[in-house]
Structure formats: C-alpha cells, structure tokens
Student: 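One structure coming up, written as structure tokens, with questions to follow.
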2 protein chains.
Amino acid sequence: MEPIRKRTYSRVTREATELLGKLIRLGRKERKMTENELAGRAGISRATLQKIEHGDLKCEIGLFFELAALVGVKLFGTDDPSSTVSMHLGRIDDKLALLPQSVRTSVKVDDDF
Amino acid sequence: MEPIRKRTYSRVTREATELLGKLIRLGRKERKMTENELAGRAGISRATLQKIEHGDLKCEIGLFFELAALVGVKLFGTDDPSSTVSMHLGRIDDKLALLPQSVRTSVKVDDDF
DNA sequence: GCTTTGTGACTATTATAATAATCAAAAGGT
DNA sequence: ACCTTTTGATTATTATAATAGTCACAAAGC
C-alpha cells in the first residue's frame, strides 16, 4: 500500500537526523552493545532501534534522545547535558516572558514534573 | 481511555525535548509568525505544532528538526548546519568503518544515570 | 466598550509508527 | 572449516500520532 500522505523534509533535516542516528550507532558500538541489548535497555524493539540508527525521520524524538543518552551522545554539545539543558531552559523562559505575545499562562501550576 | 503502553523517559530526554520545543516557539515569535502560519509552512496541523512547542516526546523527530530549521534554530550549534553536518557525517562513517561490528563477550556496560 | 486574532484544550477519525515474528546473510570465535 | 551471534530486511497486526474540527478564553487593535 502506498502511503497516502507524503511529507517532504529539507536536506538539513534529513542530514541532521541521519547524523544523530549514526552517532547513536557509533556510541552503541563503542560501548560494545548489540542491537538487542540497547533496544532492551531502552524498552523498544530491535526493528525500531534499526530505524532510528538509520535516521528514520518518522520515529519519536523521545526515542532518539533516550537512546542518545543511553550511549553517551551529547545532545547539546556539552559534557553534562542535564545541567546545561536546565540552564538553557531558564534562559529561554526568560526570553519568552519578555516577548509581547508570550503567553506564560499566568498562574498555571505545573502538572508535569 | 488509559494508554495501554506507557513508556518512561529520562529527565535529560524530557528536558532536552522541552528545550527544543521552546527554542522553536521562541524562534517563531521572534519572526512574528502565528501558530497557523508556521504550521502551514511546515505542512502540519496547528495541534501538532502546539504539541511540538510543548516538547511532546512522541512527535516525529523530522517535524521537530524541520520546524527548527524553518525558524532558524541551529541544531548542532553552528551557523551553517548543513555543511557542518555533512562534515560530521563523513567523520562518523569513517569511525564506524573502523569499528568491529560487535564484541561477543557481552561486558556489562555501566549506566550513566 | 466591541471585534479580531492568537492561543489552550479538548474531541473523533484516519493514517501510520511500533511491534513481534521471521528469514537470510554476514561477522566473530573456536 | 564449523557454529554462534549479530545484523538487514520484510511481513501482519496493534497501538497511537496526526489530523480536522470545535469551543472558550486571552490579548491586541479598533
């Protein structure tokens, strides 16, 4: 069956995703893990891991990032991702708050964390 | 209806995705685009754009990256993503070619988190 | 004030991602 | 050479992401 909806992606997007997939594969091999091992750790099937390592654009971003973290790929180019990401998050929140149309939903309590 | 399959994500993954979503939102507002405008340009629905800007882990990585490119978010921290990504791709291919396919004696790899 | 536009938050439906299962072939070890 | 493990690739099925549509509310603009 031919897919009914076909979407196009820019070259930058395709290459960035391909790069991330290859970094995951490289990290996995550097840690001497098999596809089954890494897939098991991540709680996904081997088929999905294969798609991600090949840069499949349709796969969940959460799976890409989770796998990257599992094999030590630095998402934002630093050695300690979590602290740096948190720092960035604060900066972005400040910037968004200053913007005219920013919503920053007044008194909404976070439900997520 | 409760979801049948629920998946857990690490904090790093959640924060990284949230950050990327907020960077997209920030880039969109800096370019004074509405949600409908950006969604239309990207060929997606407004609902999906909202999920991405809120850091929904289940959304396609291709959509995240495509939106990031559309609003000028630099995926790999450089001004000229495509050339740099291509360069990285070549180096990763070289590294992968040198690595043995796997190592049999299944050494347990320690987790980072 | 009023009107318009942008956003948040749902719904039901449809398209599809993720899965488990399989097979063949390549790679590694003995 | 052999045998084992890992990988590539494909299937059918199931779970779910993406969609269009709607409603209410919040900001701007008049």
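So you know, we letter chains A, B, ... as the sequences are listed, proteins then strands, and number each from 1. FYI, side chains are in, hydrogens and waters are out, and symmetry mates aren't considered; it's all heavy atoms of this structure.
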Student: Could you check how far CD of Gln50(B) sits from P of dC10(C), rounded to whole Å?
Tutor: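 Distance, rounded to whole Å: 11 Å.
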Student: Is it true that Arg41(B) and Glu66(B) have a side-chain N and a carboxylate O under 4.0 angstrom from each other?
Tutor: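 Answer for the salt bridge query: no.
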Student: Should Arg14(A) and Glu18(A) count as an ion pair when the cut-off is N to O under 4.0 Å?
Tutor: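 Between Glu18(A) and Arg14(A) there is no salt bridge, as every charged N stays at least 4.0 Å from the carboxylate O atoms.
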Student: Could I get a table of every N or O pair under 3.5 Å where one atom is in the protein and the other is in nucleotides 17-23 of chain D?
Tutor:
residue, atom, partner, partner atom, Å
dA18(D), OP1, Glu60(B), N, 3.0
dT19(D), OP1, Arg7(A), NH2, 2.9
dT19(D), OP2, Ser45(B), N, 3.1
dT19(D), OP2, Ser45(B), OG, 2.9
dT19(D), OP2, Thr48(B), OG1, 2.2

Student: Using modelled atom types only, decide if a donor and an acceptor are shared between the side chain of Thr48(B) and the backbone of Ile44(B) within a distance under 3.5 Å.
Tutor: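 No; zero donor-acceptor contacts below 3.5 Å.
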Student: Based on the rotation axes of five pairs at each end, what angle does the helix from dG1(C)-dC30(D) to dT30(C)-dA1(D) bend through, to 10°?
Tutor: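 Comparing the first five pairs with the last five, the axes sit 60° apart.
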Student: Going by heavy atoms in the side chains, are Ile61(B) and Glu60(A) under 4.5 Å from each other?
Tutor: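 Of all side-chain heavy-atom pairs linking Glu60(A) with Ile61(B), none is under 4.5 Å.
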Student: In whole Å, what is the span from the CD1 atom of Ile52(A) to the C1' atom of dA9(D)?
Tutor: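 To the nearest whole Å, that distance equals 17 Å.
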Student: Without decimals, in angstroms, what is the distance between Met33(A) CE and dT5(D) C1'?
Tutor: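 After rounding, the reported distance stands at 16 Å.
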Student: Using atom types as modelled and distance alone, determine if a side-chain donor or acceptor of Arg28(A) lies under 3.5 Å from a backbone N or O of Met33(A).
Tutor: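 Yes, Arg28(A) side chain to Met33(A) backbone: donor-acceptor pair under 3.5 Å.
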Student: For the pair made of CD in Glu35(B) and C1' in dA9(C), what is the distance, rounded to whole Å?
Tutor: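 These atoms are roughly 12 Å apart.
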Student: Any side-chain N or O of Arg28(A) below 4.0 angstrom from OP1/OP2 of dT7(D)?
Tutor: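 Result: yes.
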Student: Do Leu57(A) and Phe65(B) come within less than 4.5 Å of each other through their side chains, counting heavy atoms only?
Tutor: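 Heavy-atom side-chain distance check fails, nothing below 4.5 Å.
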Student: Please state how far atom NZ in Lys32(B) lies from atom P in dG29(D), giving the value in whole angstrom units.
Tutor: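 Rounded to the whole Å, the gap is 11 Å.
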Student: Between atom CD in Glu53(A) and atom P in dT6(D), what is the gap in whole Å?
Tutor: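 Glu53(A) atom CD is separated from dT6(D) atom P by 14 Å.
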Student: Nearest whole angstrom, please: distance from the C1' of dG6(C) to the CG of Leu38(B).
Tutor: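 Value for this atom pair: 14 Å.
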Student: Are the side chain of Glu53(B) and the backbone of Gln50(B) linked by a donor-acceptor contact shorter than 3.5 Å?
Tutor: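 Side chain of Glu53(B) to backbone of Gln50(B): no pair is present.
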Student: Are any side-chain N or O atoms of Glu15(A) and backbone N or O atoms of Val12(A), one a donor and one an acceptor, separated by less than 3.5 Å?
Tutor: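 Such a contact is absent between Glu15(A) side chain and Val12(A) backbone.
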Student: Does Arg7(A), at its CZ atom, have more than 12 non-hydrogen atoms belonging to other residues, nucleotides or ligands within less than 6.0 Å?
Tutor: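 Yes, enclosed.
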